[in-house]
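Encoded as structure tokens, the structure appears first; notes follow it.
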Amino acid sequence: MPLVGTKKMFQMAYKNGYAIGAFNVNNMEITQGIVEAVAEEQAPLILQISKGAREYAKMSYLRGIIDVAVKENPGIPIVIHLDHGDTFELCKQCVDDGYTSVMVDASHEPYEDNIKLTRKVVEYAHSKGVVVEAELGQLGGIEEHVKGVDDVAAHLTDPNQAVDFIKRSGCDSLALAIGTSHGAYKFKAAPMLAFDVIEKIHKLMPGFPLVMHGSSSVLQEFKDLINKYGGKMPDAMGVPEEAITKASKMGVCKVNIDTDLRMALTAKIRQVFAEKPGEFDPRKYLGPGREAIKKMVKHKLHVLGCAGKAAECL
Ligand code: G3H
Ligand code: 13P
Ligand code: ZN
């Protein structure tokens, strides 16, 4: 029964000093690329679905694709997770749809309101056996449905407040703001991450699973291909992979990656179009895109340290 919640995964990840990759899915090729990678590397997996992904692909289609992945890979524990749920209704809908984990993100609300909404989602989700991730502090960057703050350094998670938040909200894991942003433009000059925030919460709440959002690395290979073949992302900058590995040994059990998937797919499609301007068979450009995602995810699983850990998380 490999469709699972995050409890066992996070216990093992915490104890053994690695993190689980949480990859955003929006269509079949992205999902297949990720799933083929974890199957080859025997890694546990969190597939996460944003509100935008639900609207774009229609949940029933995404669910169908994921159900096939689960059925074909009985040795891989797979979590279906809601990414950045912004209302009680959406979180409830996802619990009712059979997600095994939901994130309620009320981090932009005043502190007491964040606790109140998180608590409400926790009460419903727990009554159905579903785990809840919450967020305290705010990230930067902009995605379709996730608007961040401009000044990330002023919105970092407060470690003492995090202890109070976890106790009063009852959440199962907490997403921290440590200076990352969503998207491909995370830092203006050089990466700056508040490891002291992770360290303090790690000490104050031993055993409690932490989550890092905005954790794509903006890989040079894909940035170069995009810029070479007609794209324009010259100043894109991500989180260094060494920082991800370091965090995975400090209680960070879940690392969110979307931008690196988008860039891998986009880079390969651009390359095919540039090299074969007459190409119009979607399989001929989506196929290489899927292959690039697979290769990139396989590499990430080693950065996260979760390659080979599927069996212990079952
Ligand atoms: O955290 C944001 C994810 O990258 C999802 O982005 O809302 O554009 O699907 P999205
Ligand atoms: P990236 O934009 O860095 O991939 O972050 C994704 C994310 O945090 C999804 O919740
Ligand atoms: Zn996020």
Side-chain angles (χ1 to χ4, degrees), residues 2 19-50 52-53 56-57 61-80 83 183-184 215-233 236 238-239 241 244 255-310:
I20 319 289
F23 298 97
N24 286 74
V25 290
N26 286 281
N27 70 5
M28 182 184 78
E29 283 78 7
I30 296 172
T31 313
Q32 286 177 328
I34 298 164
V35 171
E36 284 173 20
V38 298
E40 281 185 21
E41 296 293 337
Q42 289 296 296
L45 173 64
I46 298 172
L47 288 173
Q48 53 187 14
I49 297 167
S50 68
Y56 170 77
Y61 283 83
L62 280 181
R63 187 58 204 258
I65 293 164
I66 295 171
D67 283 345
V68 173
V70 168
K71 195 163 163 235
E72 288 190 347
N73 295 281
I76 305 292
I78 299 178
V79 172
I80 305 184
D83 192 26
S215 297
S216 282
S217 302
V218 181
L219 295 152
Q220 193 66 40
E221 174 192 353
F222 300 124
K223 186 175 145 177
D224 288 348
L225 279 176
I226 289 171
N227 288 326
K228 180 174 173 189
Y229 292 116
K232 212 172 172 193
M233 303 183 73
V239 176
E241 292 188 331
I244 300 294
V255 169
N256 285 16
I257 296 172
D258 188 2
T259 294
D260 284 341
L261 299 163
R262 296 178 182 201
M263 288 183 71
L265 187 60
T266 302
K268 280 295 156 183
I269 291 174
R270 279 195 177 281
Q271 185 176 14
V272 172
F273 285 162
E275 289 175 350
K276 297 180 194 156
E279 187 56 70
F280 68 99
D281 178 346
R283 294 169 298 187
K284 299 284 167 51
Y285 51 87
L286 292 175
R290 176 175 60 191
E291 207 45 42
I293 284 176
K294 177 179 171 182
K295 199 169 145 233
M296 187 277 289
V297 172
K298 283 181 71 149
H299 162 74
K300 286 283 170 190
L301 299 172
H302 290 274
V303 172
L304 296 162
C306 64
K309 308 291 188 189

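Note that the structure is a prediction, hence the values are computed from the model and not measured.
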Distance-minimising heavy-atom pair for [X] and [Y]:
X: A267; Y: L225; result: CB-CB, 3.8 Å
X: V218; Y: A236; result: CG1-CB, 3.7 Å
X: C306; Y: A19; result: CB-O, 3.3 Å
X: N27; Y: I65; result: C-CD1, 4.3 Å
X: L265; Y: G289; result: CD1-CA, 3.6 Å
X: V272; Y: P288; result: CG2-CG, 4.1 Å

Please check if any side-chain donor atom of Q220 sits under 3.5 Å from a side-chain acceptor atom of K223, or the reverse. no

Find out whether [X] and [Y] are in side-chain contact, i.e. whether some heavy atom of one side chain is under 4.5 Å from a heavy atom of the other.
X: M28; Y: V68; result: no
X: V297; Y: L261; result: yes
X: M263; Y: M233; result: yes
X: H299; Y: E241; result: yes
X: K228; Y: R270; result: no
X: V25; Y: I49; result: yes

Atom [atom1] in [X], atom [atom2] in [Y]: separation rounded to 0.5 Å?
X: Q32; Y: E291; atom1: CD; atom2: CD; result: 11.0 Å
X: M296; Y: S216; atom1: CE; atom2: OG; result: 7.0 Å
X: I78; Y: L47; atom1: CD1; atom2: CG; result: 6.0 Å
X: F23; Y: L301; atom1: CZ; atom2: CG; result: 5.0 Å
X: K284; Y: E279; atom1: NZ; atom2: CD; result: 5.5 Å
X: L286; Y: I269; atom1: CG; atom2: CD1; result: 5.0 Å

So that I can tick it off, tell me whether R63 and D67 are bridged by a salt bridge, with the cut-off set at under 4.0 angstrom between side-chain N and carboxylate O. yes

Member of N256, I80, I257 meeting the side-chain contact (heavy atoms from CB on, under 4.5 Å) criterion with Q48: N256

Aromatic ring proximity Y285/F273, centre distance under 6.0 Å: yes

Return all side-chain donor-acceptor pairs below 3.5 angstrom for residues 34-42, not counting sequence neighbours, or 'none' if the list is empty.
unit_1	atom_1	unit_2	atom_2	d
E40	OE1	K298	NZ	2.5
E40	OE2	K294	NZ	2.7
E41	OE1	H302	NE2	2.8
Q42	NE2	A39	O	2.9

In T266, D260, D258, the residue satisfying side-chain hydrogen bond (donor to acceptor under 3.5 Å, both in side chains) with R262 is D258

